[in-house]
Visitor: 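Got a structure for you, written out below as structure tokens; questions coming shortly.
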Amino acid sequence: MKPRILSLGEILIDFTPVATNGKNPRFDQNPGGAPMNVLAAASKLGIHTEFIGCVGNDQFGHFLLDFLEKQGIGNSHVVLSETHHTTLAFVHLKENGERDFSFYRKHGADLMLREEDIKESFFKETKVFHFGSLSLTADPSRSATRKAIAIAKKKQCIISYDPNLRPPLWDSLEKAKVHILSVMKEVDILKLSEEELMFLTGISDISEASDRLYQDYKLPLMIVTMGEKGCALRRGKEFGQVEGVAVKAVDTTGAGDSHLGAMLAQFLTKKHYAVASFEELLTYAKFANAYAGYVTTKFGSAETMPDKETVTRWAESSLSFFRD
């Protein structure tokens, strides 16, 4: 079996605006959820992937299960809730493609994942376990997430984490910070945006802020996504930035997730992040920047993830820095 990424967390419906009729937006139904988006990218890049989560036993839940199957993402660990509906989110796009979310998540199914739903057998062939902070917002999913982290640690998986701060989904920013940081010492790969890095450290300079997190938690690898400005990497004392791509973004939903999916795929198909030279890691990030850039030129998130040939062909024809 191919190297495997197992991801846990929210899987939901993104309603994305695609056109307007006068002043009233029209919305498309799209699969969403950051932990699932990461798998969608990795799966397109040839990695065997599996998802752990909970959806409602409703038309949206079955739509998501069908999507996972079509994308080659294992869905046998997804629980169908008879008592809670599939979580929904409405995406609001700005002219530059940046987005805000309105969540319909109170009593949503993604929060109903329970400790007893997590089995040690799920991790049998797992190389990377990935999760985000939204499953930490409340129980029972918080306890389920912590159990999964403990099993992944026991099985010596690489543990990947995305804080993915969504303030409306927390009781307060203070609680959000406490819970987001509470798992940091278990993490091997931390992916976060520059805004999330500043939120967690109070420091605006990316090099200084990432060094602070490294000093506090000894994180083996940090990936800081910066939108059109590219990304930054920190591995211990090694720090570097890779320029972004100049594209006309129409929807940035899932861009950071696609970046991480592309990085994880390269760690599993090329060299482990701890073994590769730092220059090789920067090369991996160059590809991940192009991958995420391509995704922003399409509406939606998980369903827009390209395979390696598609994104390479696009990047070589469209991005001068990718040819250098």
Visitor: Show your working on side chain to side chain contact (heavy atoms under 4.5 Å, CB included) between Val187 and Tyr217 and close with a plain yes or no.
Guide: CA-CA 9 Å; Val187 173; Tyr217 299 100; over 6 Å; no

Visitor: When hydrophobic residues are tied together by side-chain contacts of less than 4.5 Å, even through go-betweens, does Leu213 share a cluster with Val178?
Guide: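 No, Leu213 does not connect to Val178 through the hydrophobic network.
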
Visitor: Mark yes when over 12 heavy atoms from residues, nucleotides or ligands other than Gln156 sit less than 6.0 Å from its CD; otherwise mark no.
Guide: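 12 or below, so no.
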
Visitor: Testing the basics here: between Ile159 and Glu186, what is the closest heavy-atom pair and its distance to 0.1 Å?
Guide: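 Reported closest heavy-atom pair: CD1-O, 3.4 Å.
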
Visitor: Counting only N and O atoms by type, is there a donor-acceptor contact under 3.5 Å from the side chain of Asp211 to the main-chain atoms of Lys237?
Guide: no

Visitor: State yes or no: are the ring centers of Phe122 and His77 separated by less than 6.0 Å?
Guide: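 Judged by ring-centre distance (under 6.0 Å), Phe122 and His77 do meet the cut-off.
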
Visitor: Closest approach of Ala255 and Ala292, non-hydrogen atoms and distance?
Guide: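 Nearest pair, atom of Ala255 first, then Ala292: O-CB, 3.5 Å.
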
Visitor: Apply side chain to side chain contact (heavy atoms under 4.5 Å, CB included) to Lys185 and Leu219, showing your working.
Guide: CA-CA 7 Å; Lys185 290 185 178 179; Leu219 294 154; over 6 Å; no

Visitor: Less than 6.0 angstrom from the centroid, inside 45 degrees of the normal: does Lys286 satisfy that with respect to the ring of Tyr284?
Guide: no

Visitor: Any salt bridge linking Lys298 with Asp251? Criterion: basic side-chain nitrogen under 4.0 Å from a carboxylate oxygen.
Guide: no

Visitor: Do you know which two heavy atoms are closest between His107 and His84, and how far apart they sit?
Guide: O-CD2, 3.0 Å

Visitor: Any donor and acceptor pair, going by atom type alone, linking the side chain of Thr126 with main-chain N or O of Val128 inside 3.5 Å?
Guide: no

Visitor: Please answer: with hydrophobic residues joined when any side-chain heavy atoms are less than 4.5 Å apart, are Met112 and Leu68 in the same cluster?
Guide: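 Not linked; separate clusters.
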
Visitor: Side-chain contact, heavy-atom cut-off 4.5 Å: His272 with Ile158?
Guide: yes

Visitor: Mind telling me whether Phe123 and Phe129 have parallel, tilted or perpendicular rings, with 30° and 60° as the class edges?
Guide: tilted

Visitor: Under the side chain to side chain contact (heavy atoms under 4.5 Å, CB included) rule, what do Asn37 and Met305 come out as? Steps first, then yes or no, please.
Guide: CA-CA 8 Å; Asn37 289 339; Met305 304 298 180; 4.2 Å; yes

Visitor: Begin from the C-alpha positions of Ile203 and Met198 and carry the test side chain to side chain contact (heavy atoms under 4.5 Å, CB included) through to its verdict.
Guide: CA-CA 5 Å; Ile203 300 170; Met198 184 173 179; over 6 Å; no

Visitor: Looking at His85, I want to see if its NE2 is surrounded by more than 12 non-hydrogen atoms of other residues, nucleotides or ligands under 6.0 Å.
Guide: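 At most 12 heavy atoms, drawn from other residues, nucleotides or ligands, come within 6.0 Å of this atom.
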
Visitor: Would you check if the side chain of Lys147 reaches a backbone N or O of Glu115 as a donor-acceptor pair within less than 3.5 Å?
Guide: yes

Visitor: How about Glu303: does its CD atom have over 12 heavy atoms from other parts shown lying under 6.0 Å from it?
Guide: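 More than 12 within 6.0 Å, yes.
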
Visitor: May I ask you to test the Leu80-His62 pair for a side-chain heavy-atom distance under 4.5 Å?
Guide: yes

Visitor: Flag yes if Leu111 and Phe103 sit in one hydrophobic cluster, no otherwise; membership is Ile, Leu, Val, Met, Phe, Trp, Tyr, and two members link when side-chain heavy atoms are under 4.5 Å apart.
Guide: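 Unlinked, Leu111 and Phe103 end up in two clusters.
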
Visitor: Has Asp307 got a side-chain atom pairing as donor or acceptor with Thr310's backbone, closer than 3.5 angstrom?
Guide: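 Yes, Asp307 side chain to Thr310 backbone: donor-acceptor pair under 3.5 Å.
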
Visitor: Any sub-3.5 Å donor-acceptor pair from Arg234's side-chain atoms to Gly236's backbone N or O?
Guide: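 Yes; at least one donor-acceptor contact below 3.5 Å.
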
Visitor: Which heavy-atom pair separates Ala144 from Leu8 by the least distance, and what is that distance?
Guide: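 Shortest heavy-atom contact: O-CD1, 4.5 Å.
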
Visitor: Within the distance-only criterion (no hydrogens, no angle test), does the side chain of Gln29 pair as donor or acceptor with the backbone N or O of Phe15 below 3.5 angstrom?
Guide: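 Not confirmed, Gln29 side chain does not pair with Phe15 backbone.
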
Visitor: Please check if any side-chain donor atom of Thr16 sits under 3.5 Å from a side-chain acceptor atom of Asn30, or the reverse.
Guide: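 Present: a donor and an acceptor within the cut-off.
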
Visitor: Cut-off 3.5 Å, side chains only: do Ser277 and Glu279 have a donor facing an acceptor?
Guide: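 No donor-acceptor contact under 3.5 Å links the two side chains.
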
Visitor: Specify the closest pair of heavy atoms between Val295 and Pro306, including all atoms of both residues, with the distance to one decimal.
Guide: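 Heavy atoms of Val295 and Pro306 come nearest at CG2-CD, 4.0 Å.
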
Visitor: Is any side-chain heavy atom of Ile47 less than 4.5 Å from a side-chain heavy atom of Arg4?
Guide: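 Answer no - side chains too far apart.
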
Visitor: Measure the spacing between CE of Met263 and CG of Leu281 and express it to the nearest 0.5 Å.
Guide: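 CG of Leu281 is found 6.5 Å from CE of Met263.
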
Visitor: For the residue pair Phe90 and Phe27, does the interplanar ring angle fall in the parallel (under 30°), tilted (30 to 60°) or perpendicular (over 60°) class?
Guide: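 Perpendicular, since the angle between the ring planes exceeds 60°.
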
Visitor: Please check if the number of heavy atoms outside Lys124 that lie under 6.0 Å from its NZ is greater than 12.
Guide: no

Visitor: A quick test of your reading: do over 12 heavy atoms of other residues, nucleotides or ligands sit less than 6.0 Å from CZ of Arg142?
Guide: yes

Visitor: Quick one: CG on Asp110 to CG on Leu12, what's the gap to the nearest 0.5 Å?
Guide: 6.5 Å

Visitor: Would you kindly say whether Ser135 and Thr145 are connected by a side-chain donor-acceptor distance under 3.5 Å?
Guide: yes

Visitor: Can you check whether Phe287 reaches Thr312 side chain to side chain, under 4.5 Å on heavy atoms?
Guide: yes

Visitor: Assess whether a salt bridge exists between Glu120 and Lys154, defined as any Lys/Arg side-chain N lying under 4.0 Å from an Asp/Glu carboxylate O.
Guide: yes

Visitor: Would Leu200 end up clustered with Leu190 when hydrophobic side chains under 4.5 Å apart are linked, directly or stepwise?
Guide: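 Same hydrophobic cluster.
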
Visitor: So, for Gly254 and Ser301, which heavy atoms are closest and what is the spacing to 0.1 Å?
Guide: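 Closest approach of Gly254 to Ser301, heavy atoms only: CA-CB, 4.0 Å.
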
Visitor: Do Leu221 and Asp188 make a side-chain contact, defined as non-hydrogen atoms from C-beta onward lying under 4.5 Å apart?
Guide: no

Visitor: Do Leu192 and Ile149 belong to the same hydrophobic cluster, where Ile, Leu, Val, Met, Phe, Trp and Tyr are linked whenever their side-chain heavy atoms lie under 4.5 Å apart, directly or via other members?
Guide: yes

Visitor: Verify, without hydrogens or angle tests, whether Asn289 (side chain) and Glu243 (backbone) share a donor-acceptor contact under 3.5 angstrom.
Guide: yes

Visitor: What is the distance from atom CG of Leu264 to atom CD1 of Ile5, rounded to the nearest 0.5 Å?
Guide: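 Here the interatomic distance stands at 4.5 Å.
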
Visitor: Do Ser141 and Arg114 get their side chains close enough for a donor-acceptor pair, meaning under 3.5 Å?
Guide: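 On atom types as modelled, these side chains do not qualify, holding no pair under 3.5 Å.
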
Visitor: Between Glu316 and Arg313 (side chain of the first, backbone of the second, donor and acceptor by atom type, cut-off under 3.5 Å), is there such a pair?
Guide: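 Side chain of Glu316 to backbone of Arg313, a donor-acceptor pair under 3.5 Å: no, none is there.
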
Visitor: Answer yes or no: are there more than 12 heavy-atom neighbours, outside Lys175 itself, under 6.0 Å from its atom NZ?
Guide: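 No - once you tally the heavy atoms of other residues, nucleotides and ligands closer than 6.0 Å, there are 12 at most.
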
Visitor: Could you check if a side-chain atom of Leu39 sits within less than 4.5 angstrom of a side-chain atom of Ser43, using non-hydrogen atoms only?
Guide: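 With C-beta onward as the side chain, the pair stays apart.
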
Visitor: Check the side chains of Arg166 and Thr137 for a donor-acceptor pair under 3.5 angstrom, ignoring hydrogens and angles.
Guide: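 No, Arg166 and Thr137 have no side-chain donor paired with an acceptor closer than 3.5 Å.
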
Visitor: In Å, rounded to the nearest 0.5 Å, how long is the span from CG of Leu6 to NZ of Lys155?
Guide: 12.5 Å

Visitor: Looking just at side-chain N and O atoms, do Ser160 and His130 make a donor-acceptor pair shorter than 3.5 Å?
Guide: yes

Visitor: Should Tyr273 and Gln266 count as side-chain neighbours, where that means a heavy-atom distance under 4.5 Å?
Guide: no

Visitor: Under 4.5 Å between any side-chain heavy atoms of Phe60 and Leu88, yes or no?
Guide: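 In contact.
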
Visitor: To the nearest 0.5 angstrom, please state how far the CG atom of Leu282 sits from the SG atom of Cys231.
Guide: 8.0 Å

Visitor: Counting only heavy atoms not in Tyr104, do more than 12 sit closer than 6.0 Å to its OH atom?
Guide: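 For Tyr104, atom OH is not crowded (no more than 12 foreign heavy atoms under 6.0 Å).
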
Visitor: Return the set of residues passing ring pair (Phe, Tyr, Trp, His ring centres under 6.0 Å) with Tyr161 (not counting sequence neighbours), or none when no residue passes.
Guide: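 Only Phe131 meet the ring pair (Phe, Tyr, Trp, His ring centres under 6.0 Å) criterion with Tyr161.
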
Visitor: Side chains of Ser133 and Asn164: is there a donor and an acceptor less than 3.5 Å apart?
Guide: no

Visitor: Is Glu194 salt-bridged to Lys229, going by a charged N under 4.0 Å from an acidic O?
Guide: yes

Visitor: Calculate, to the nearest 0.5 Å, the distance between atoms CZ and CZ belonging to Arg235 and Phe278 respectively.
Guide: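 That separation rounds to 7.0 Å.
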
